[in-house]
Every structure is written in structure tokens, then in C-alpha cells.
K.L.:
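Before anything else, here's the structure in question.
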Amino acid sequence: MKIRKNHVRKRYRYNVNRKTMNKTRKSTGKIKDPEMKKMWIEGQRVGTNFSEMGLAKDPNKAIGMPNYKRERLEAAKIVNGFLEEEIDAEDLAPRKPDLAEDQKPKRGHIVQELEQMAVDRRADPEFRLPKGVVKELSYFLNKHKFNYKAMVTDRRNHDQLTWKQFRMKIRRFMSIPEQFNEYLQQKKLPIDVKPDWPEYESDSEWK
């Protein structure tokens, strides 16, 4: 029995802007980094831009995959006595061709500039908790203060955190002044000062 195929009837979509859609499909995207945008030459191919800057579009082609099959064949020839001279590991390694002066990247200085930019642009060492975590910890502090044992038995402890995990999270929250000071302002407490609440933190209190 021959299988019957059902084809969906094609419909022209009048609400689609074909000009904008084709531009979006052909576009390679906008370069948001202003420094990189200065180095990039519009109108050139992506591969040409990368090669002129001394960068690699495809790292597999730039570095090259090791040829294990060739290494095994050479080793087998040595064992079987086909080769009179032994081949060193340097001979088996893929050889990199020496670039001539005319083959060197035209804008090779960009690599050094990018490396210097990476050193200068260091990530912000300040750690920030997500808003959901801050809201959750604020709830537990408002209700139980530093009573970690009560936090464990609270109904909103959906993640089933232990008292040590609660203590670690709250101490981390208090170590971020930008976020913890907002909580202190909402509670009308002195800023940059730890609240004078009794803290249940020693192991002997949980026995």
C-alpha cells in the first residue's frame, strides 16, 4: 500500500516585511563593543577581517588536529623494520610553516591591543546575590532574625536548607554592603552595622 503524503498548502504572509526579513537574515550582527568596532572593517568578509587581524575564525583549522593515524603507521613501520632510522617525536609532530614577511597579518598589532584590553578590563570583584535570593533571605531575617533553627522548620524552606547553609547564605548577604544596606534602610536600622540580634550558630545549641 502506497503511503499518502499530506502537503500543507502554502500561504503568502502579507504581514511580513520581506525587505527587513532579508536584511536580518543576511546581517552578521552589530558589533556592540566600540573598541572592536573601530578595528573591524565594514564590507570585508568575516574570515578576511580575522586573518588580517591575526586571529582565527576556526581554531580547528588554525591549530590543526593531531594525525594519530599517521603516527601509528610510522610507529608500525619502525617496529616492522621498514625504516632504517628512528623517527623522533619532533618529526611526528605537525610542522608549522614559517610565515614570510608578506604573509604576516596586515593588522597584527590588534592582537596585542586585544590582550592589553583584556588585562585592563577586569571583572568587578564585588559579588551580587540575585534579587530572588535577597527577597527570600529578607523574609527569613524579618521573621526569625538569626534563629537558624527556626528557619529550617519554616514552611517556606522549599529547598530544605540546613542551619549551616542558612548561616552561610545570610553571612554572605551581610558581606555585601550595597545589598544589605538597602535591607537595613527598609528596617530603619543603622547602616553598616550588624543588627544586635542573638545569633544561634554554635553546634552545642543544636543538641
K.L.:
Could you tell me whether R156 and E136 make a salt bridge, using a distance below 4.0 angstrom between a side-chain N and a carboxylate O?
P.N.:
no

K.L.:
Of Q112, R107, K106, which is the lone residue that meets side-chain contact (heavy atoms from CB on, under 4.5 Å) with I110?
P.N.:
R107

K.L.:
Taking the side chain as everything from C-beta on, heavy atoms only, tell me whether L55 gets closer than 4.5 Å to V111.
P.N.:
yes

K.L.:
Without swapping roles, check the side chain of N142 against the backbone of S138 for a donor-acceptor pair under 3.5 Å.
P.N.:
yes

K.L.:
When clusters are formed by joining ILVMFWY residues with side-chain heavy atoms under 4.5 Å apart, either directly or through shared neighbours, do V152 and M168 land in the same one?
P.N.:
no

K.L.:
Answer whether the closest heavy-atom distance between the side chains of I191 and P177 falls below 4.5 Å.
P.N.:
no

K.L.:
Are R18 and Y12 in a cation-pi contact, defined as NZ or CZ under 6.0 Å from the six-membered ring centre and within 45° of the axis?
P.N.:
yes

K.L.:
Share the residues that join V16 in a hydrophobic cluster, the rule being Ile, Leu, Val, Met, Phe, Trp or Tyr side chains under 4.5 Å apart at the heavy-atom level.
P.N.:
M21

K.L.:
So, taking the atom named CE in M151 and the one named CG in L137, what distance separates them when rounded to the nearest 0.5 Å?
P.N.:
8.0 Å

K.L.:
When rounded to the nearest 0.5 angstrom, what is the spacing between CD in E35 and CD in E113?
P.N.:
8.5 Å

K.L.:
Is any side-chain heavy atom of F166 less than 4.5 Å from a side-chain heavy atom of H144?
P.N.:
no

K.L.:
State, to 0.1 Å, how close L184 and P190 come at their nearest heavy-atom pair, and which atoms those are.
P.N.:
CD1-O, 3.5 Å

K.L.:
What is the distance from atom CG of L129 to atom CD of E178, rounded to the nearest 0.5 Å?
P.N.:
12.0 Å

K.L.:
Got T153 and W163 here, is their nearest side-chain heavy-atom distance under 4.5 Å?
P.N.:
no

K.L.:
May I ask you to test the K187-L141 pair for a side-chain heavy-atom distance under 4.5 Å?
P.N.:
no

K.L.:
Do V134 and E182 make a side-chain contact, defined as non-hydrogen atoms from C-beta onward lying under 4.5 Å apart?
P.N.:
no

K.L.:
Can you get from V133 to F173 by hopping between Ile, Leu, Val, Met, Phe, Trp and Tyr side chains that sit under 4.5 Å apart?
P.N.:
yes

K.L.:
I want to check a possible cation-pi pair here: K169 against F140, using under 6.0 Å from ring centre and within 45° of the ring axis as the test.
P.N.:
no

K.L.:
Just verifying a value: how many Å separate R167 CZ and Y148 OH, rounded to the nearest 0.5 Å?
P.N.:
7.0 Å

K.L.:
Between CD1 of I176 and OH of Y183, what distance do you get to the nearest 0.5 Å?
P.N.:
15.0 Å

K.L.:
Going from NZ on K23 to NZ on K19, what distance comes out if it is rounded to the nearest 0.5 angstrom?
P.N.:
5.0 Å

K.L.:
State, to 0.1 Å, how close P105 and S51 come at their nearest heavy-atom pair, and which atoms those are.
P.N.:
CB-O, 3.5 Å

K.L.:
Would you say that F180 contacts M174 through its side chain, given a criterion of any heavy-atom pair below 4.5 Å between the two side chains?
P.N.:
yes

K.L.:
Search all heavy atoms of N157 against all heavy atoms of L161 and return the closest pair with its distance.
P.N.:
OD1-N, 3.0 Å

